[in-house]
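Since the model is a prediction, treat every value here as computed from it, not as a measurement.
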Amino acid sequence: RNLNSVSENIGQRRQGELLKNLSLELSASQAKGQAQTQRQIAELADRLDGIKDLMIQKIGNRATAEKANAAIEGPVGDAIAKLDLTNAHFLLQNIQQELTAIHAETKETNERTKQIQTSINDLRIEPAKIRDALVAADMQVLRTLDFSKVRPSVIEASLRQIAPGEKTSVARQFFANAIDSSGAVAWLQSAIAAGLNPNLRVAADYYEHESMLNEAVRAGNVDAAKMLLRSGASPHAYQDLHLTSYATTRFVFPLQGIASDEHLRLQTKQELAKAFIAAGTVVPKVVIKGDSYMSVMYSAKQQLEQAGAALGLPVTPTPTLCEQASTPICKNASARSGVDWCAAIAAMPKKLTYTSYGAETPLYDVQLRYLLSIEGDDAYFLGLVSSIGVDYVVVQLSRDASSWKVMKFMEPQYAMGLCRKDDDGYQPTACWREIDLVRQGTSNVMKSASWGVTWAISRDPCAPDRTSSTSPREDGDEARSLSVRRARYLRSR
(Lines give C-alpha, C1' and ligand atoms only; values in the text may rest on other atoms or scores of the structure.)
Protein backbone atom coordinates (compact mmCIF):
# COMPACT_ATOMS: atom_id res chain seq x y z
CA ARG A 1 0.00 0.00 0.00
CA ASN A 2 2.81 2.43 0.87
CA LEU A 3 4.56 1.55 -2.37
CA ASN A 4 1.41 2.34 -4.31
CA SER A 5 0.98 5.63 -2.42
CA VAL A 6 4.45 6.95 -3.01
CA SER A 7 4.59 5.80 -6.66
CA GLU A 8 1.18 7.18 -7.58
CA ASN A 9 2.45 10.52 -8.94
CA ILE A 10 5.89 9.62 -10.29
CA GLY A 11 4.81 8.42 -13.73
CA GLN A 12 4.81 5.02 -15.46
CA ARG A 13 8.49 5.04 -16.43
CA ARG A 14 9.60 5.65 -12.86
CA GLN A 15 7.02 3.10 -11.53
CA GLY A 16 8.58 0.41 -13.75
CA GLU A 17 12.06 1.38 -12.58
CA LEU A 18 10.84 1.27 -8.97
CA LEU A 19 9.45 -2.29 -9.35
CA LYS A 20 12.65 -3.44 -11.01
CA ASN A 21 14.80 -2.02 -8.22
CA LEU A 22 12.44 -3.48 -5.58
CA SER A 23 12.71 -6.93 -7.21
CA LEU A 24 16.51 -6.72 -7.22
CA GLU A 25 16.59 -5.72 -3.54
CA LEU A 26 14.19 -8.54 -2.56
CA SER A 27 16.22 -11.11 -4.52
CA ALA A 28 19.38 -9.99 -2.78
CA SER A 29 17.64 -10.23 0.59
CA GLN A 30 16.23 -13.71 -0.04
CA ALA A 31 19.71 -14.96 -0.84
CA LYS A 32 20.74 -13.97 2.69
CA GLY A 33 17.91 -15.75 4.45
CA GLN A 34 14.22 -15.43 5.31
CA ALA A 35 14.68 -13.62 8.62
CA GLN A 36 16.81 -10.87 7.10
CA THR A 37 14.39 -10.55 4.18
CA GLN A 38 11.46 -9.99 6.52
CA ARG A 39 13.46 -7.44 8.54
CA GLN A 40 14.51 -5.47 5.45
CA ILE A 41 10.95 -5.52 4.08
CA ALA A 42 9.69 -4.15 7.42
CA GLU A 43 12.34 -1.38 7.35
CA LEU A 44 11.44 -0.54 3.76
CA ALA A 45 7.77 -0.37 4.68
CA ASP A 46 8.56 2.08 7.49
CA ARG A 47 10.65 4.27 5.18
CA LEU A 48 7.91 4.22 2.53
CA ASP A 49 5.40 5.12 5.23
CA GLY A 50 7.53 8.11 6.26
CA ILE A 51 7.90 9.28 2.66
CA LYS A 52 4.14 8.90 2.15
CA ASP A 53 3.33 11.06 5.19
CA LEU A 54 5.87 13.69 4.16
CA MET A 55 4.50 13.83 0.60
CA ILE A 56 0.94 14.22 1.87
CA GLN A 57 2.10 17.02 4.19
CA LYS A 58 3.95 18.92 1.48
CA ILE A 59 1.32 18.44 -1.23
CA GLY A 60 -1.49 19.33 1.16
CA ASN A 61 0.17 22.60 2.27
CA ARG A 62 -0.64 25.49 -0.09
CA ALA A 63 2.71 27.13 0.61
CA THR A 64 4.65 24.03 -0.46
CA ALA A 65 2.24 22.21 -2.80
CA GLU A 66 3.48 23.67 -6.06
CA LYS A 67 7.14 23.13 -5.24
CA ALA A 68 6.45 19.62 -3.83
CA ASN A 69 4.59 18.50 -6.96
CA ALA A 70 7.43 19.84 -9.13
CA ALA A 71 9.94 17.95 -6.97
CA ILE A 72 7.95 14.68 -7.15
CA GLU A 73 7.85 15.03 -10.93
CA GLY A 74 11.60 15.69 -10.87
CA PRO A 75 14.39 14.78 -8.42
CA VAL A 76 12.15 13.31 -5.68
CA GLY A 77 10.47 10.99 -8.18
CA ASP A 78 13.88 9.91 -9.49
CA ALA A 79 15.06 9.11 -5.95
CA ILE A 80 11.91 7.08 -5.18
CA ALA A 81 12.29 5.11 -8.42
CA LYS A 82 15.84 4.20 -7.38
CA LEU A 83 14.59 3.31 -3.87
CA ASP A 84 16.91 6.08 -2.61
CA LEU A 85 14.37 6.99 0.05
CA THR A 86 16.90 8.84 2.21
CA ASN A 87 17.59 11.32 -0.57
CA ALA A 88 13.88 11.62 -1.36
CA HIS A 89 13.19 12.45 2.29
CA PHE A 90 15.98 15.06 2.28
CA LEU A 91 14.70 16.71 -0.90
CA LEU A 92 11.16 16.99 0.46
CA GLN A 93 12.38 18.44 3.76
CA ASN A 94 14.56 20.91 1.87
CA ILE A 95 11.51 22.37 0.13
CA GLN A 96 10.48 24.15 3.34
CA GLN A 97 13.98 25.50 3.88
CA GLU A 98 14.10 26.79 0.32
CA LEU A 99 10.74 28.47 0.71
CA THR A 100 11.85 30.05 3.99
CA ALA A 101 14.97 31.40 2.29
CA ILE A 102 12.90 32.68 -0.63
CA HIS A 103 10.54 34.39 1.80
CA ALA A 104 13.50 36.08 3.53
CA GLU A 105 14.93 37.20 0.18
CA THR A 106 11.55 38.54 -0.86
CA LYS A 107 11.25 40.49 2.39
CA GLU A 108 14.76 41.91 1.94
CA THR A 109 13.96 42.86 -1.66
CA ASN A 110 10.81 44.63 -0.52
CA GLU A 111 12.83 46.55 2.08
CA ARG A 112 15.40 47.54 -0.51
CA THR A 113 12.64 48.63 -2.87
CA LYS A 114 11.20 50.78 -0.10
CA GLN A 115 14.63 52.33 0.55
CA ILE A 116 15.13 52.99 -3.15
CA GLN A 117 11.74 54.68 -3.33
CA THR A 118 12.63 56.73 -0.26
CA SER A 119 15.93 57.73 -1.88
CA ILE A 120 14.08 58.76 -5.01
CA ASN A 121 11.82 60.92 -2.85
CA ASP A 122 14.93 62.25 -1.14
CA LEU A 123 16.21 63.56 -4.46
CA ARG A 124 13.22 65.88 -4.43
CA ILE A 125 14.40 67.46 -1.14
CA GLU A 126 15.81 70.83 -2.07
CA PRO A 127 19.33 71.70 -0.85
CA ALA A 128 17.89 74.76 0.87
CA LYS A 129 15.68 72.53 2.99
CA ILE A 130 18.67 70.44 4.08
CA ARG A 131 20.63 73.59 4.87
CA ASP A 132 17.77 75.08 6.91
CA ALA A 133 17.29 71.83 8.83
CA LEU A 134 20.98 71.85 9.74
CA VAL A 135 20.93 75.51 10.78
CA ALA A 136 17.96 74.88 13.10
CA ALA A 137 19.13 71.38 14.17
CA ASP A 138 15.60 70.30 13.19
CA MET A 139 15.49 66.65 14.25
CA GLN A 140 12.29 65.87 12.35
CA VAL A 141 13.90 66.72 9.03
CA LEU A 142 17.31 65.35 10.03
CA ARG A 143 15.75 61.97 10.84
CA THR A 144 14.11 62.03 7.42
CA LEU A 145 17.51 62.66 5.84
CA ASP A 146 19.00 59.83 7.87
CA PHE A 147 16.21 57.38 6.97
CA SER A 148 16.44 58.42 3.32
CA LYS A 149 20.15 57.55 3.26
CA VAL A 150 21.17 60.98 2.00
CA ARG A 151 24.75 60.82 0.75
CA PRO A 152 27.34 62.29 3.15
CA SER A 153 28.60 64.57 0.37
CA VAL A 154 25.17 66.25 0.20
CA ILE A 155 25.23 66.98 3.94
CA GLU A 156 28.86 68.15 3.74
CA ALA A 157 27.97 70.61 0.97
CA SER A 158 25.32 72.19 3.21
CA LEU A 159 27.53 72.33 6.32
CA ARG A 160 30.25 74.14 4.34
CA GLN A 161 28.04 77.11 3.40
CA ILE A 162 27.70 80.45 5.15
CA ALA A 163 24.34 80.47 6.94
CA PRO A 164 21.69 82.79 5.42
CA GLY A 165 21.88 86.24 6.98
CA GLU A 166 24.96 85.29 9.05
CA LYS A 167 28.73 85.67 8.82
CA THR A 168 29.33 82.18 10.17
CA SER A 169 28.91 78.75 8.64
CA VAL A 170 25.91 76.44 8.65
CA ALA A 171 28.08 74.14 10.78
CA ARG A 172 28.46 76.83 13.47
CA GLN A 173 24.70 77.44 13.56
CA PHE A 174 24.06 73.70 13.76
CA PHE A 175 26.42 73.30 16.74
CA ALA A 176 24.95 76.36 18.47
CA ASN A 177 21.38 75.07 18.14
CA ALA A 178 22.36 71.48 19.00
CA ILE A 179 23.85 72.34 22.42
CA ASP A 180 20.79 71.00 24.25
CA SER A 181 20.00 68.31 21.67
CA SER A 182 21.70 64.99 22.29
CA GLY A 183 19.70 63.66 19.36
CA ALA A 184 21.30 66.14 16.95
CA VAL A 185 24.81 65.23 18.11
CA ALA A 186 23.97 61.52 17.82
CA TRP A 187 22.61 62.17 14.32
CA LEU A 188 25.88 63.83 13.27
CA GLN A 189 27.84 60.92 14.75
CA SER A 190 25.80 58.46 12.65
CA ALA A 191 26.43 60.62 9.57
CA ILE A 192 30.18 60.44 10.29
CA ALA A 193 29.92 56.66 10.67
CA ALA A 194 28.22 56.63 7.24
CA GLY A 195 31.11 58.54 5.66
CA LEU A 196 30.87 62.25 6.56
CA ASN A 197 34.35 63.69 7.12
CA PRO A 198 34.99 64.54 10.82
CA ASN A 199 37.68 66.99 9.61
CA LEU A 200 35.28 68.69 7.20
CA ARG A 201 36.44 72.19 6.23
CA VAL A 202 33.73 74.83 6.22
CA ALA A 203 33.53 78.49 5.22
CA ALA A 204 34.52 80.92 7.98
CA ASP A 205 34.21 84.62 8.73
CA TYR A 206 37.96 85.38 8.93
CA TYR A 207 39.79 82.34 7.59
CA GLU A 208 38.84 81.17 4.12
CA HIS A 209 38.22 77.67 5.48
CA GLU A 210 38.66 75.80 8.74
CA SER A 211 37.67 72.43 10.17
CA MET A 212 34.25 72.21 11.76
CA LEU A 213 35.73 71.15 15.13
CA ASN A 214 36.62 74.82 15.64
CA GLU A 215 33.00 75.77 14.96
CA ALA A 216 31.78 73.29 17.59
CA VAL A 217 34.20 74.76 20.17
CA ARG A 218 33.31 78.36 19.32
CA ALA A 219 29.62 77.51 19.61
CA GLY A 220 30.31 76.08 23.09
CA ASN A 221 28.99 72.65 22.11
CA VAL A 222 31.31 70.51 24.21
CA ASP A 223 29.41 67.26 23.54
CA ALA A 224 29.72 67.76 19.78
CA ALA A 225 33.42 68.65 20.04
CA LYS A 226 34.17 65.55 22.11
CA MET A 227 32.16 63.40 19.68
CA LEU A 228 34.17 64.76 16.73
CA LEU A 229 37.44 63.97 18.53
CA ARG A 230 36.23 60.44 19.34
CA SER A 231 35.23 60.04 15.69
CA GLY A 232 38.76 60.74 14.47
CA ALA A 233 38.89 64.51 14.04
CA SER A 234 42.36 65.97 14.56
CA PRO A 235 42.57 68.14 17.71
CA HIS A 236 44.55 70.55 15.50
CA ALA A 237 41.57 71.66 13.42
CA TYR A 238 42.74 73.06 10.09
CA GLN A 239 42.71 76.81 9.42
CA ASP A 240 43.66 78.45 6.13
CA LEU A 241 46.48 80.57 7.56
CA HIS A 242 47.72 82.25 4.36
CA LEU A 243 48.04 86.04 4.91
CA THR A 244 46.16 85.92 8.24
CA SER A 245 47.66 88.06 11.00
CA TYR A 246 47.30 86.06 14.25
CA ALA A 247 50.36 84.15 15.43
CA THR A 248 48.28 82.31 18.05
CA THR A 249 45.83 80.14 16.12
CA ARG A 250 43.62 77.24 17.14
CA PHE A 251 45.24 75.16 14.41
CA VAL A 252 48.61 75.28 16.17
CA PHE A 253 47.58 76.05 19.78
CA PRO A 254 44.12 74.54 20.49
CA LEU A 255 44.64 74.54 24.28
CA GLN A 256 45.39 78.26 24.21
CA GLY A 257 42.16 78.80 22.28
CA ILE A 258 40.18 76.87 24.90
CA ALA A 259 41.88 78.64 27.82
CA SER A 260 41.19 82.11 26.41
CA ASP A 261 37.55 81.41 25.43
CA GLU A 262 35.45 83.81 27.52
CA HIS A 263 32.19 81.98 26.75
CA LEU A 264 33.13 78.76 28.57
CA ARG A 265 33.11 78.03 32.29
CA LEU A 266 36.29 76.64 33.87
CA GLN A 267 34.79 73.17 34.37
CA THR A 268 33.73 73.09 30.71
CA LYS A 269 37.18 74.24 29.61
CA GLN A 270 38.83 71.50 31.66
CA GLU A 271 36.51 68.84 30.26
CA LEU A 272 37.19 70.00 26.70
CA ALA A 273 40.96 70.34 27.22
CA LYS A 274 41.19 66.78 28.56
CA ALA A 275 39.41 65.49 25.44
CA PHE A 276 41.84 67.41 23.22
CA ILE A 277 44.87 66.11 25.13
CA ALA A 278 43.57 62.52 24.89
CA ALA A 279 43.19 63.00 21.11
CA GLY A 280 46.88 63.88 20.75
CA THR A 281 47.08 67.67 21.05
CA VAL A 282 50.64 68.91 20.57
CA VAL A 283 52.27 71.19 23.14
CA PRO A 284 55.49 72.33 21.44
CA LYS A 285 58.69 72.84 23.40
CA VAL A 286 60.08 76.34 23.75
CA VAL A 287 63.45 76.40 22.00
CA ILE A 288 64.25 80.07 22.67
CA LYS A 289 62.68 81.59 25.78
CA GLY A 290 63.40 85.23 24.99
CA ASP A 291 61.78 85.32 21.59
CA SER A 292 59.82 88.28 20.18
CA TYR A 293 56.08 88.46 20.81
CA MET A 294 55.60 88.71 17.02
CA SER A 295 56.53 85.04 16.61
CA VAL A 296 54.95 81.61 16.87
CA MET A 297 57.68 80.66 19.37
CA TYR A 298 56.37 83.36 21.71
CA SER A 299 52.86 81.87 21.38
CA ALA A 300 54.31 78.45 22.24
CA LYS A 301 55.85 79.98 25.35
CA GLN A 302 52.52 81.58 26.29
CA GLN A 303 50.65 78.29 25.89
CA LEU A 304 53.14 76.33 27.94
CA GLU A 305 53.28 78.91 30.73
CA GLN A 306 49.73 80.22 30.83
CA ALA A 307 47.30 77.68 29.33
CA GLY A 308 47.92 75.10 32.03
CA ALA A 309 47.50 77.65 34.79
CA ALA A 310 44.32 79.06 33.22
CA LEU A 311 42.85 75.57 32.80
CA GLY A 312 44.05 74.25 36.14
CA LEU A 313 45.63 71.27 34.37
CA PRO A 314 49.22 70.06 33.98
CA VAL A 315 50.49 70.96 30.49
CA THR A 316 53.82 69.46 29.48
CA PRO A 317 55.74 69.53 26.19
CA THR A 318 54.94 66.78 23.70
CA PRO A 319 57.67 64.35 22.52
CA THR A 320 58.90 65.25 19.03
CA LEU A 321 58.62 63.05 15.94
CA CYS A 322 62.12 61.74 16.64
CA GLU A 323 61.09 60.78 20.17
CA GLN A 324 57.89 58.83 19.47
CA ALA A 325 56.99 56.38 16.70
CA SER A 326 53.29 57.17 16.29
CA THR A 327 50.55 59.42 17.64
CA PRO A 328 46.75 59.26 17.98
CA ILE A 329 46.56 61.65 15.00
CA CYS A 330 48.27 59.28 12.55
CA LYS A 331 46.42 56.27 14.00
CA ASN A 332 43.02 57.92 13.51
CA ALA A 333 43.94 58.99 9.98
CA SER A 334 45.00 55.41 9.18
CA ALA A 335 41.71 54.03 10.49
CA ARG A 336 39.68 56.52 8.40
CA SER A 337 41.60 56.21 5.14
CA GLY A 338 42.95 52.66 5.11
CA VAL A 339 46.43 54.11 4.52
CA ASP A 340 49.15 53.34 7.08
CA TRP A 341 49.86 56.99 7.81
CA CYS A 342 52.02 56.19 10.84
CA ALA A 343 54.41 54.26 8.57
CA ALA A 344 54.24 57.02 5.94
CA ILE A 345 55.11 59.68 8.53
CA ALA A 346 57.99 57.57 9.85
CA ALA A 347 59.40 57.25 6.31
CA MET A 348 59.16 60.96 5.44
CA PRO A 349 62.30 63.13 5.47
CA LYS A 350 62.14 65.41 8.49
CA LYS A 351 64.92 67.89 7.85
CA LEU A 352 66.02 70.17 5.01
CA THR A 353 69.46 71.79 5.10
CA TYR A 354 69.82 75.12 3.28
CA THR A 355 72.49 74.99 0.56
CA SER A 356 72.23 78.34 -1.33
CA TYR A 357 74.36 80.37 1.04
CA GLY A 358 74.67 84.07 0.17
CA ALA A 359 71.28 84.19 -1.61
CA GLU A 360 68.27 86.01 -0.18
CA THR A 361 65.68 83.65 1.36
CA PRO A 362 62.83 83.87 3.88
CA LEU A 363 64.04 80.74 5.70
CA TYR A 364 67.07 78.49 6.11
CA ASP A 365 67.13 75.02 7.68
CA VAL A 366 63.71 73.37 8.21
CA GLN A 367 63.14 70.56 10.72
CA LEU A 368 59.78 68.82 11.26
CA ARG A 369 59.02 68.47 14.97
CA TYR A 370 55.34 67.54 15.50
CA LEU A 371 52.47 66.06 13.49
CA LEU A 372 49.37 68.28 13.62
CA SER A 373 46.86 66.86 11.16
CA ILE A 374 46.31 64.61 8.15
CA GLU A 375 43.73 65.28 5.48
CA GLY A 376 43.39 63.75 2.03
CA ASP A 377 46.89 63.12 0.68
CA ASP A 378 48.59 65.77 2.84
CA ALA A 379 50.09 65.84 6.32
CA TYR A 380 50.57 69.02 8.36
CA PHE A 381 53.49 69.46 10.74
CA LEU A 382 54.82 72.02 13.16
CA GLY A 383 58.41 72.60 12.11
CA LEU A 384 61.40 74.58 13.35
CA VAL A 385 63.21 77.00 11.02
CA SER A 386 66.13 79.36 11.23
CA SER A 387 66.20 82.71 9.47
CA ILE A 388 66.72 85.81 11.63
CA GLY A 389 66.47 83.73 14.77
CA VAL A 390 64.46 80.54 15.29
CA ASP A 391 60.72 80.11 14.98
CA TYR A 392 58.03 77.53 14.50
CA VAL A 393 56.35 77.15 11.11
CA VAL A 394 53.49 75.03 9.75
CA VAL A 395 54.61 72.68 6.97
CA GLN A 396 52.24 70.91 4.57
CA LEU A 397 53.74 67.77 2.98
CA SER A 398 52.35 65.55 0.26
CA ARG A 399 52.36 61.85 1.19
CA ASP A 400 55.29 61.17 -1.15
CA ALA A 401 57.12 64.19 0.35
CA SER A 402 57.75 65.61 -3.14
CA SER A 403 56.28 69.01 -2.23
CA TRP A 404 56.60 71.08 0.95
CA LYS A 405 54.55 74.19 1.64
CA VAL A 406 56.11 76.14 4.50
CA MET A 407 53.80 78.66 6.22
CA LYS A 408 55.83 81.16 8.23
CA PHE A 409 54.65 84.07 10.35
CA MET A 410 56.81 86.94 9.11
CA GLU A 411 57.20 90.47 7.84
CA PRO A 412 56.75 90.88 4.07
CA GLN A 413 59.47 90.09 1.59
CA TYR A 414 59.52 90.36 -2.19
CA ALA A 415 56.17 89.57 -3.91
CA MET A 416 54.68 87.72 -0.92
CA GLY A 417 51.41 89.66 -0.81
CA LEU A 418 49.67 91.93 1.69
CA CYS A 419 48.33 90.66 4.97
CA ARG A 420 44.60 90.28 5.39
CA LYS A 421 42.92 93.05 7.35
CA ASP A 422 41.83 92.21 10.86
CA ASP A 423 38.34 92.70 12.36
CA ASP A 424 38.71 96.46 12.87
CA GLY A 425 40.07 97.07 9.36
CA TYR A 426 43.72 97.39 10.29
CA GLN A 427 46.19 95.78 7.88
CA PRO A 428 49.29 94.54 9.76
CA THR A 429 52.65 93.92 8.16
CA ALA A 430 53.39 90.55 9.78
CA CYS A 431 51.25 87.53 8.89
CA TRP A 432 51.43 83.91 7.74
CA ARG A 433 53.13 83.65 4.33
CA GLU A 434 53.75 80.63 2.09
CA ILE A 435 57.03 79.36 0.64
CA ASP A 436 56.60 76.42 -1.78
CA LEU A 437 59.39 73.87 -2.13
CA VAL A 438 59.43 71.14 -4.80
CA ARG A 439 61.67 68.09 -4.99
CA GLN A 440 63.87 68.02 -8.08
CA GLY A 441 63.12 64.67 -9.71
CA THR A 442 64.37 61.77 -7.63
CA SER A 443 67.29 63.75 -6.21
CA ASN A 444 67.68 64.87 -2.60
CA VAL A 445 67.33 68.51 -3.64
CA MET A 446 64.32 70.71 -2.77
CA LYS A 447 63.95 74.02 -4.58
CA SER A 448 61.87 77.19 -4.23
CA ALA A 449 60.87 78.38 -7.70
CA SER A 450 59.99 81.85 -6.35
CA TRP A 451 63.36 82.41 -4.69
CA GLY A 452 65.60 80.20 -6.81
CA VAL A 453 67.28 78.68 -3.76
CA THR A 454 67.75 75.06 -2.74
CA TRP A 455 67.82 72.72 0.25
CA ALA A 456 69.23 69.24 0.70
CA ILE A 457 67.16 66.48 2.26
CA SER A 458 69.04 65.37 5.34
CA ARG A 459 70.09 61.73 5.47
CA ASP A 460 69.71 61.78 9.23
CA PRO A 461 66.29 63.38 9.89
CA CYS A 462 66.82 63.39 13.65
CA ALA A 463 70.28 64.95 13.63
CA PRO A 464 70.74 68.08 15.79
CA ASP A 465 69.59 71.22 14.01
CA ARG A 466 71.84 74.20 13.24
CA THR A 467 69.34 76.85 14.27
CA SER A 468 70.62 80.14 15.61
CA SER A 469 69.88 81.47 19.08
CA THR A 470 69.34 84.97 17.76
CA SER A 471 65.83 86.28 18.35
CA PRO A 472 63.92 88.37 15.82
CA ARG A 473 63.97 92.07 16.61
CA GLU A 474 60.96 93.90 17.94
CA ASP A 475 60.08 96.60 15.43
CA GLY A 476 58.69 99.63 17.28
CA ASP A 477 58.29 101.82 14.21
CA GLU A 478 54.66 100.97 13.45
CA ALA A 479 52.03 103.59 14.16
CA ARG A 480 50.31 101.55 16.86
CA SER A 481 51.69 101.36 20.36
CA LEU A 482 53.57 98.30 21.56
CA SER A 483 50.84 97.31 24.00
CA VAL A 484 48.12 97.39 21.31
CA ARG A 485 50.24 95.36 18.89
CA ARG A 486 51.13 92.83 21.59
CA ALA A 487 47.46 92.34 22.51
CA ARG A 488 46.47 91.83 18.87
CA TYR A 489 49.17 89.25 18.19
CA LEU A 490 48.40 87.33 21.34
CA ARG A 491 44.71 87.17 20.52
CA SER A 492 43.63 83.65 19.57
CA ARG A 493 41.65 82.96 16.43
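The shortest distance between side-chain heavy atoms of Val217 and Val222 does not fall below 4.5 Å. Put simply, the side chain of Leu134 does not reach to within 4.5 Å of the side chain of Arg131, judged on heavy atoms. You'll find the side chain of Pro362 reaches within 4.5 Å of the side chain of Met410, heavy atoms only. Thr316 has its side chain out of reach of Val283: every pair of non-hydrogen atoms, C-beta onward, lies at least 4.5 Å apart. A heavy-atom distance below 4.5 Å is found between the side chains of Leu352 and Leu437. Residues Leu241 and Phe251 are in side-chain contact: their nearest non-hydrogen atoms beyond the backbone lie under 4.5 Å apart. Residues Val395 and Leu397 form a side-chain contact, since some pair of their non-hydrogen atoms from C-beta on lies under 4.5 Å apart. Proximity of Pro412 to Arg433: side-chain heavy atoms (C-beta onward) are separated by under 4.5 Å at one or more points.
Listed for the Asp205 side chain is no donor-acceptor partner under 3.5 Å among the backbone atoms of Lys167. No donor-acceptor distance shorter than 3.5 angstrom exists from the side chain of Ser386 to the backbone of Val390, with no hydrogens or angles considered. Judged by distance alone, the side chain of Asp240 and the main-chain N or O of His209 form no donor-acceptor pair under 3.5 Å. A donor-acceptor contact shorter than 3.5 Å links the side chain of Thr361 to the backbone of Leu363. Side chain of Ser181 to backbone of Ala178: no donor-acceptor contact under 3.5 angstrom is found. Judged by distance alone, with hydrogens and angles left aside, the side-chain atoms of Asn221 form a donor-acceptor pair with the main-chain N or O of Phe175 at under 3.5 Å. Remark: the backbone N or O of Tyr354 is paired with a side-chain donor or acceptor of Asp365 at under 3.5 angstrom. The backbone N or O of Val282 lies less than 3.5 Å from a partner atom in the side chain of His236, making a donor-acceptor pair. Distance alone, capped at 3.5 Å, places no donor-acceptor pair between the Arg369 side chain and the Pro284 backbone. Distance alone, capped at 3.5 Å, is enough to place a donor-acceptor pair between the Asn177 side chain and the Val135 backbone.
Atom CZ of Arg201 and atom OH of Tyr207 lie 14.0 Å apart (nearest 0.5 Å). Atom CG in Leu311 sits 7.5 Å away from atom CD1 in Ile277 (nearest 0.5 Å). A distance of 11.0 Å separates OG1 in Thr249 from OH in Tyr238, rounded to the nearest 0.5 Å. Atom CE of Met139 sits about 8.5 Å away from atom CH2 of Trp187, to the nearest 0.5 Å. Separation of atoms CD1 (Ile345) and NZ (Lys350) is listed at 7.5 Å; rounding is to 0.5 Å. The distance from atom CE of Met407 to atom CG of Leu382, rounded to the nearest 0.5 Å, is 10.5 Å.
Scanning all heavy atoms of the two residues, the minimum distance from Ser231 to Ile192 falls at CB-CG2, 3.9 Å. Looking at every heavy atom in both residues, Leu272 comes nearest to Ala225 through CD1-CB, 3.7 Å. In this structure, Gly257 and Ser260 approach most closely via the heavy-atom pair O-OG, 3.4 Å. Of all the heavy atoms in Ala279 and Ile329, the pair that sits closest is O-CG1, 4.0 Å. Heavy-atom minimum distance, Ala278 versus Pro328: O-CG, 4.2 Å. Taking both residues in full, the closest heavy atoms of Lys269 and Ala259 are given as NZ-O, 3.0 Å, listed atom of the first, atom of the second, then distance.
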**Message:** Using side chain to side chain contact (heavy atoms under 4.5 Å, CB included), reason through Tyr380 and Ile374 one step at a time and then give a plain yes or no.
**Reply:** CA-CA 6 Å; Tyr380 296 83; Ile374 296 170; over 6 Å; no

**Asked** Stepwise, does the side chain to side chain donor-acceptor pair (under 3.5 Å) test hold for Gln161 with Ser169?
**Response** CA-CA 6 Å; Gln161 300 175 34; Ser169 66; over 6 Å; no

**Request:** May I have the step-by-step check of side chain to side chain contact (heavy atoms under 4.5 Å, CB included) for Gln396 and Glu434, ending in yes or no?
**Result:** CA-CA 10 Å; Gln396 178 182 345; Glu434 296 179 352; over 6 Å; no

**Test side chain to side chain contact (heavy atoms under 4.5 Å, CB included) applied to Leu368 and Trp404, step by step** = CA-CA 11 Å; Leu368 304 183; Trp404 295 42; 3.9 Å; yes

**Candidate pair Val170 and Val202, rule side chain to side chain contact (heavy atoms under 4.5 Å, CB included), full reasoning** = CA-CA 8 Å; Val170 169; Val202 300; over 6 Å; no

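For the residue pair Asp261 / His263, a side-chain donor-acceptor distance below 3.5 Å is found, with atom types taken as modelled. Between the side chains of Thr454 and Thr355, at least one donor N or O sits under 3.5 Å from an acceptor N or O. In this model, no donor atom of one side chain and acceptor atom of the other lie less than 3.5 Å apart for Ser299 and Tyr246. For the residue pair Gln256/Thr248, the side-chain donor-acceptor check at 3.5 Å is not satisfied. No side-chain donor from either of Arg336 and Asn197 sits under 3.5 Å from a side-chain acceptor of the other.
Annotation: Lys447, atom NZ; neighbour count of heavy atoms from other residues, nucleotides and ligands within 6.0 Å does not exceed 12. Glu323 CD: more than 12 foreign heavy atoms inside a 6.0 Å radius.
Using a 4.0 Å cut-off between a side-chain N of Lys or Arg and a carboxylate O of Asp or Glu, Glu210 and Arg218 qualify as a salt bridge. Classification of Glu271 and Lys226 as a salt-bridged pair holds, one side-chain N sitting under 4.0 Å from a carboxylate O.
Not less than 6.0 angstrom separates the ring centroid of Tyr370 from the ring centroid of Phe381.
Under the 6.0 Å distance and 45° angle rule, Arg399 counts as a cation-pi partner of Trp341.
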